[in-house]
Amino acid sequence: MFHVEHGGQVTVSPYEYPTEYEVVVVGAGHAGCEAALAAARMGCRTLLLTINADAIGLMSCNPAIGGLAKGHLVREIDALGGEMAKNIDATGIQFRQLNTSKGPAVRSSRAQADKQLYRLRMKQILESAFGLDVKQAMVDGILAEGGRAVGVETNLGVRFRGKTVVLCTGTFLKGLVHIGQVNFPAGRAGEFPAMELSDSLRSLGFSVGRLKTGTTPRLDAKTIDFSRTIRQDGDADPVPFSFGNERITRPQLPCYMTYTNAATHEAIRSGLSRSPLYSGVIKGIGPRYCPSIEDKVVRFEGRERHQVFLEPEGLRTSEYYPNGVSTSLPYDIQVRMLRTIPGLEAVEIVRPGYAIEYDFVDPVQLTPSLETRIVENLFHAGQINGTSGYEEAAAQGIVAGINAARKVRGEPPVILGRADAYIGVLIDDLVTKGAQEPYRMFTSRAEYRLLLREDNADLRLSETGHRVGLLPGERYLAFRRKRESLSALLRRLSETRVVPGHPACRAVEEAGGGPVRTGITYAELLRRPEVTMALLLSCDASLGEGADGVALLAELTVKYEGYIRRQEEEAKKLKKYEEMRFPPDFPFESVYGLSTEVRDKLVRVRPISIGQAQRVPGVTPAAVALLLVALKRGRVEPPPAEE
């Protein structure tokens, strides 16, 4: 490689790296880590390129994994054979089950992480993975030949060839950090942005937009008066995320809760004229469901206070993350605002909060496999697709990695449906509706959420993980034992009857229930609201002889049997339409009878099935009927004129 001068300009002669990879992954955030590990574990020679090799798996924002609906994603990643759940189990410092007072469909897990341990463990896992090379490099462009991605080129002129490429660029595409009226290019504070790659994507024909997200200041624990806050401990018996782990043994730390007040809100309002959000400096669209503190104060003017959770960033650091006060206000306003909050009257900022704008690629340009429709063999995962959150990124990453590896092998892609997984809901929403703002997962987005619980993610997805060669053999055998134990227990519950004098009769009455009819089955008894599996186990210990977690699964299956069956029937109807596939070259623009508006939407999204076409915003039932006719007849031209 050499340099040539041309009128003062220095050009770099490309250097072809001698190794050709099967999968090249760009970016080592949560999406890139899962994509690279999936491809390598499936037997593909894989390259992971990252701007900073010390920031692999770094938590850019809050030091936590999981949360409402996000915990579902983490468990699904684990069931497929991914790494996120194992990583948080090994590095978590506070575990909590959320929504325990509500129905089983919306219960979720969340854990605070030791931020540095999380990063270092993930880095070690990647570096020790067989068939995976990790290199520090900034990618400036996609190499494409004949409409296919064939590799990438770095800012040093190094060309890495790959049969497939997976882009997991996070917030680094033309990243611009804002703190008050000061802004500067950065992928995140303290790191270089990728300034050329989104231009390369534009030149290939992609539609590129602009989004915004933000983070909070980091606070010095020495300057926090925790006695003025509310202590919040984790669960006494932490539940692991990974189905392969039985218990959490790491020391646990408390979090603390406090609130903003009128003085806080006044301090924030005093800085709005210098806020990049309200002075028109920031053009990107921010996340509606995770607004900055200044946005909350403006939008909810009548609200007297907002919660602030003080979350430790690790066992060996004094930095705290004040969850709830994401901000891009000027530095002096950040200090003034924080010092009005109880417990933070003398607080010192270690790192200021900031907003960041970045480029993303409209995800309707993807197929449900996460391969782009414009360039073959090119996959996108994570914030490049307009999502927000570590868990959403990792979920896309594992799917993109799986499908890139399968593309190399000449195998059909793995596509998870909306009735299969929250991952399926996430990807279908992105490729069908696009992203007008940063996308965040909620349980309300899933129509079949009673089928898609955290506790049964392994039952739903372990077969898929095993089939693609990603789920380890011992995990698959454990899953088989669990499934068989569940079937045996459900059979016992439906067949075993209560005889006169059975301990359950007295136990149910003591629990506030009415008399137990002789001959009733355990399953019928369990459907009573006052009867739990724990009560039945206290009367018949042999019910607990199966695999761990099976008793709770059986209880939920029995208690919600009617609702579950109804959702399963609805899912079967959905599957029928999902199986009605359009040919890859189906000419939506020529289907007779469609309105111009509907035709334009279908051409933009190019759904792969009747089921997906039904979910395209603006596509009417009448339009779906026309598509069905055209698909069944195998033609789309208008019928001949009547004589």
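- One distance of note links CZ of Phe582 with OG of Ser609; it measures 7.0 Å at 0.5 Å rounding.
- Taking every heavy atom of both residues into account, Val139 and Leu197 meet most closely at O-CB, 3.8 Å.
- No side-chain heavy atom of Leu132 sits under 4.5 Å from any side-chain heavy atom of Leu47.
- In the model, Asp133 has a side-chain atom that pairs as donor or acceptor with a side-chain atom of Tyr21 under 3.5 Å.
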| query | Taking it one step at a time, do Leu49 and Val25 satisfy side chain to side chain contact (heavy atoms under 4.5 Å, CB included)? | reply | CA-CA 6 Å; Leu49 297 173; Val25 179; over 6 Å; no
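- Under the 4.5 Å side-chain criterion, counting only non-hydrogen atoms from C-beta, Glu568 is in contact with Leu451.
- The pair Asp458-Lys482 meets the salt-bridge criterion, with a side-chain N (NZ, NE, NH1 or NH2) lying under 4.0 Å from an Asp/Glu carboxylate O.
- The backbone N or O of Gly382 lies less than 3.5 Å from a partner atom in the side chain of Thr387, making a donor-acceptor pair.
- Between Glu391 and Ile65 there is a side-chain heavy-atom pair separated by less than 4.5 Å.
- In terms of modelled atom types and a separation under 3.5 Å, the side chain of Ser108 and the main chain of Ala69 share a donor-acceptor contact.
- Glu191 and Arg188 are joined by a salt bridge, as a carboxylate oxygen and a charged side-chain nitrogen come within less than 4.0 angstrom of each other.
- At a threshold of 4.5 Å between non-hydrogen side-chain atoms, the residues Asn385 and Leu370 count as touching.
- Between Pro312 and Ile93, some side-chain heavy-atom pair lies under the 4.5 Å cut-off.
- Glu463 and Tyr476 share a donor-acceptor pair across their side chains, judged by distance under 3.5 Å alone.
- Results of the side chain to side chain contact (heavy atoms under 4.5 Å, CB included) test with Ser242 over Arg75, Lys86, Met84 single out Lys86 as the only residue that passes.
- By the 4.5 Å heavy-atom criterion applied to side chains, Phe309 and Cys255 are not counted as neighbours.
- At a cut-off of 3.5 Å, with distance as the only test, no side-chain donor of Ser369 or Asn403 sits close to an acceptor on the other residue.
- Between Arg121 and Asn87, the side chains place a donor N or O and an acceptor N or O closer than 3.5 Å (distance only, hydrogens not considered).
- With hydrogens and angles disregarded, no donor-acceptor distance shorter than 3.5 Å links the side chain of Gln396 to the backbone of Ile427.
- Under the 4.0 Å criterion applied to side-chain N and carboxylate O atoms, Glu561 and Arg565 are assigned as salt-bridge partners.
- A cation-pi arrangement is absent between Arg449 and Tyr422, since the terminal nitrogen or guanidinium carbon is not both under 6.0 Å from the aromatic centre and inside a 45° cone about the axis.
- Ion pairing between a basic and an acidic side chain is recognised when a charged N comes within 4.0 Å of a carboxylate O; Glu22 and Arg45 show no such pairing.
- A pairwise comparison of heavy atoms in Leu315 and Pro251 identifies CD2-O, 4.3 Å as the closest pair.
- Between Arg110 and Asp235 there is no salt bridge, since no side-chain N of the basic residue sits under 4.0 Å from a carboxylate O of the acidic one.
- Checking side-chain atoms of Asp114 against main-chain N and O of Leu117 turns up a donor-acceptor pair under 3.5 Å.
- Between Thr213 and Pro438 the shortest side-chain heavy-atom distance does not fall below 4.5 Å.
- Using a cutoff of 4.0 Å between basic side-chain nitrogens and carboxylate oxygens, Arg460 and Glu76 are scored as salt-bridged.
- Of the residues Lys573, Arg418, Arg615, the one that meets the salt bridge (Lys or Arg N to Asp or Glu O under 4.0 Å) test with Glu447 is Arg418.
- Although no hydrogens or angles enter the test, the distance criterion places no donor-acceptor pair under 3.5 Å between the side chain of Lys433 and the main chain of Pro617.
- Of the possible polar contacts, one joining the Gln365 side chain to the Ser207 backbone as a donor-acceptor pair under 3.5 Å is found.
- Of the possible polar contacts, none joining the His466 side chain to the Leu477 backbone as a donor-acceptor pair under 3.5 Å is found.
- Heavy-atom minimum distance, Gly162 versus Val24: CA-CG2, 3.8 Å.
- Side-chain atoms of Thr432 never come within 3.5 Å of backbone atoms of Asp429 as a donor-acceptor pair (strictly under, hydrogens ignored).
- The shortest non-hydrogen separation linking Gly27 to Leu48 is O-CD1, 3.3 Å.
- A donor-acceptor pair is defined here as one N or O able to donate and one able to accept, closer than 3.5 Å; no such pair exists between the side chain of Ser462 and the backbone of Leu459.
- Formation of a donor-acceptor pair under 3.5 Å by the Thr169 side chain with backbone atoms of Leu173 is not found in this model.
- Counting heavy atoms from C-beta outward, Lys70 and Leu68 have side chains that stay 4.5 Å or more apart.
- When only modelled atom types and interatomic distance are considered, Asn377 and Lys407 share a side-chain donor-acceptor pair under 3.5 Å.
- For Thr171 and Gln383, the side-chain atoms include no donor-acceptor pair closer than 3.5 Å.
- The six-membered or imidazole ring of Phe206 lies near that of His380, with a centre-to-centre distance under 6.0 Å.
- We find that Glu454 and Arg107 are not joined by a salt bridge, their nearest charged nitrogen and carboxylate oxygen being 4.0 Å or further apart.
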| task | Go through Asn62 and Asn323 one step at a time and tell me if the side chain to side chain donor-acceptor pair (under 3.5 Å) criterion holds. | result | CA-CA 7 Å; Asn62 62 312; Asn323 197 335; 6.0 Å; no
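- In this structure, Arg475 fails the cation-pi test against Phe243, since its NZ or CZ atom is not both closer than 6.0 Å to the six-membered ring centre and inside 45 degrees of the ring normal.
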